[in-house]
Amino acid sequence: MDEKKYSKENLKSKPPVVVVLGHVDHGKSSLLEAVKDFNILKKESGGITQHIGAYEVEKDNKKITFIDTPGHSAFFAMRSRGAKVADIAVLVVAADEGVKTQTKEAMSHIKKAGISMLVAINKMDKPEADPEKVKRELSENGVILESMGGKIPSVNVSAKTGKGIEDLLELILLLAEMQSLKTTLEDVACGVAIEAYLDAQRGATATLLIRDGILKLGDIVGTSTTFGRVKILENFQGKSIKEAFPSMPVVIIGFENVPRVGEKFKVYPSIESARNSIKENKRKIENKEVFVINPDQKVLNLILKADVVGSLEAIENIFKDIPQEKVVLRILKRGVGEISDSDLKLAQSAKKTKILGFRVKTSPQAVKLALRESMKIMNFDVIYDLVQWVRSMMEKLVESEIIRTDIGKLKVLEIFHSEKDRQVVGGKVVEGDVKKGTKIEIFRDEEAIGIGNLINLQKNKKDADAVGKGEECGLLYKGDTKIEEGDILVFYQEIKNKEI
């Protein structure tokens, strides 16, 4: 809500919006399912529409909105655009495992978002559950629970059995009451896009979370990148409605293009005003990235298609964390929906372009073109697999760099035996170490005249792995250049470096 002054009569209480975060496999999804199954809301006819990304529950005649994000990356994408997405965060920690890497990551996101936190210690049904250990680990990471003398409330739950779910909801409502969440119905409707995708039948589809005002069927809405008239307005159960109130998650059809997750939206008085408002924003976004490639860098071009905007941005956020000193990732085209023949034509026009799909189909025309032109389309169902595949492609682009490390020098004192490409010579180590299995560069009168390999090394007529400075040794050399007394042999190792 914009910082305007409203009279107390015009401010109304609004339901809290809750986001659930935590380490992978600690039960975030199970907890959300347990909340749905708790029978606190009327059973949905036909279930909750796919890709909604949020839903409402009721407890003691009070509503709570839960954001069902696909992961921390999606929540970060929303928050990074300056959008206040949630009022309360539930940090889920498994009672049998405690604080893990993504638990700490979630703590950081919650802190930066500046929202209230409560901790749900999950999997209390497990024999090895140790909630006290979890509390201690949380304290060590700066999250001090009320039971440990801090201010952060917690609740023990089991998503599997349903135990503690009612306590969790009561705690959320208590936190909301303490925050005294208020809104106005007088201002123009505004909020955040929390999910978006391209529906083959209905077109650009977006889930909007209303923050203030009342969104009505027929309203003109706009974000920083797209706009349109609300032609279809549905609640989280997929039922048609005529208006939506603060904290409600709604699905709308009518945007000209798919908005980005985390973009703020608001209602405009006309299509023309919406178009004029975002025209400059779109121009800035299009000109924002200046792509500079250094001479020593290679480029891997990608065309990336995903099922929903949340998935797309989650993948892109992970790509940003991949070191790109040697190979730069350039996304030529990104979008939601099936892989089309236009995607393949773009890939043909740019060298070293890979087509990646995440949980999407490929159009029949694109399949035919791919077969005809022997082009490969990579489809994935797991983000980790997609990212690992991209990493492997980056590694293949890197030329094997040979890094030479000099380890020692020897002055040749005597030639014991010579035959074809082999010699047995004796000498004294004058610098560093001589190690078995290394390469040899031969210097005569300070000029490099040839290279070879150290096949065997002896000290005091016994095989040795290494001989140090000041010691004498004998060695078996293999190479085309003949060694002579007085030559200086430099011993070195070569390592192929293919790290990204």
Side-chain angles (χ1 to χ4, degrees), residues 49-53 70 73-74 77 193 195-207 223-228 231-232 251-263 278 282 285-289 291 299-320 328-390 392-394:
T49 310
Q50 189 181 15
H51 296 319
I52 292 304
S73 297
E195 189 54 278
Y197 63 100
L198 189 64
D199 187 288
Q201 280 74 43
R202 306 205 297 177
T205 305
T207 302
T223 69
S224 60
T225 59
T226 188
F227 64 93
K231 298 174 183 176
I232 295 175
V251 175
I252 77 157
I253 310 293
F255 277 117
E256 287 194 348
N257 301 297
V258 178
R260 300 171 70 186
V261 168
E263 282 189 324
I278 72 168
K282 290 187 75 172
I285 289 169
E286 287 165 2
N287 296 330
K288 189 176 180 182
E289 291 185 5
F291 200 71
V299 180
L300 177 60
N301 294 319
L302 301 175
I303 293 173
L304 180 61
K305 301 297 283 288
D307 54 348
V308 295
V309 176
S311 300
L312 194 67
E313 296 201 338
I315 293 167
E316 289 189 82
N317 280 332
I318 296 173
F319 281 171
K320 289 175 185 175
V328 176
L329 289 177
R330 176 165 56 184
I331 301 178
L332 296 180
K333 181 180 178 182
R334 54 175 67 75
V336 292
E338 67 178 13
I339 296 168
S340 65
D341 55 344
S342 65
D343 296 325
L344 271 76
K345 289 173 183 175
L346 175 59
Q348 283 181 310
S349 66
K351 290 182 179 180
K352 295 175 183 173
T353 299
K354 307 297 180 183
I355 304 170
L356 306 180
F358 179 72
R359 294 181 182 169
V360 293
K361 295 180 179 179
T362 304
S363 72
Q365 296 92 335
V367 172
K368 289 179 183 177
L369 180 59
L371 289 171
R372 188 171 70 244
E373 301 295 330
S374 298
M375 298 178 70
K376 197 170 185 180
I377 299 170
M378 300 301 298
N379 269 302
F380 300 89
D381 290 317
V382 180
I383 290 180
Y384 175 82
D385 293 338
L386 184 151
V387 173
Q388 288 302 105
W389 187 86
V390 168
S392 69
M393 289 300 102
M394 293 173 73

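The structure presented is a predicted model; accordingly, all values stated were derived computationally and were not measured.
Residues E338 and K305 are not paired through a salt bridge, judged by the lack of any N-O separation under 4.0 Å between the basic side chain and the carboxylate.
Rounded to the nearest 0.5 Å, atoms CD1 (I339) and CZ (F358) are 12.5 Å apart. Summarising the geometry, atom CG belonging to L302 is positioned 8.5 Å from atom CG belonging to L386; distances are rounded to the nearest 0.5 Å. Between atom CD of residue E316 and atom CD of residue E313 there is a gap of 6.5 Å, rounded to the nearest 0.5 Å. Rounded to the nearest 0.5 Å, atoms CG (L346) and CG (L344) are 9.5 Å apart. Taken from CD1 in I383 to CD1 in I315, the straight-line distance is 5.0 Å, to the nearest 0.5 Å.
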>> Please evaluate residues T225 and I278 with respect to the criterion side chain to side chain contact (heavy atoms under 4.5 Å, CB included), reporting the C-alpha separation (whole Å), side-chain torsions for both, the decisive distance (0.1 Å), and the verdict.
In response: CA-CA 6 Å; T225 59; I278 72 168; over 6 Å; no

>> Would W389 and K354 count as a side chain to side chain contact (heavy atoms under 4.5 Å, CB included) here? Give the steps.
In response: CA-CA 11 Å; W389 187 86; K354 307 297 180 183; 3.8 Å; yes

> Given I355 and M378, is the side chain to side chain contact (heavy atoms under 4.5 Å, CB included) satisfied, shown in steps?
Replying inline: CA-CA 6 Å; I355 304 170; M378 300 301 298; over 6 Å; no

>> Pair V299, N301 - check side chain to side chain contact (heavy atoms under 4.5 Å, CB included), show working.
In response: CA-CA 6 Å; V299 180; N301 294 319; 3.4 Å; yes

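Closest of all the heavy-atom pairs between A366 and S340 is CB-C, 3.5 Å. Across all their heavy atoms, L300 and M393 have their closest contact at CD2-CB, 3.8 Å. Nearest heavy-atom pair across R202 and I253 is O-CG2, 3.2 Å. The two residues V309 and R260 have their closest heavy-atom pair at CG1-CA, 3.9 Å.
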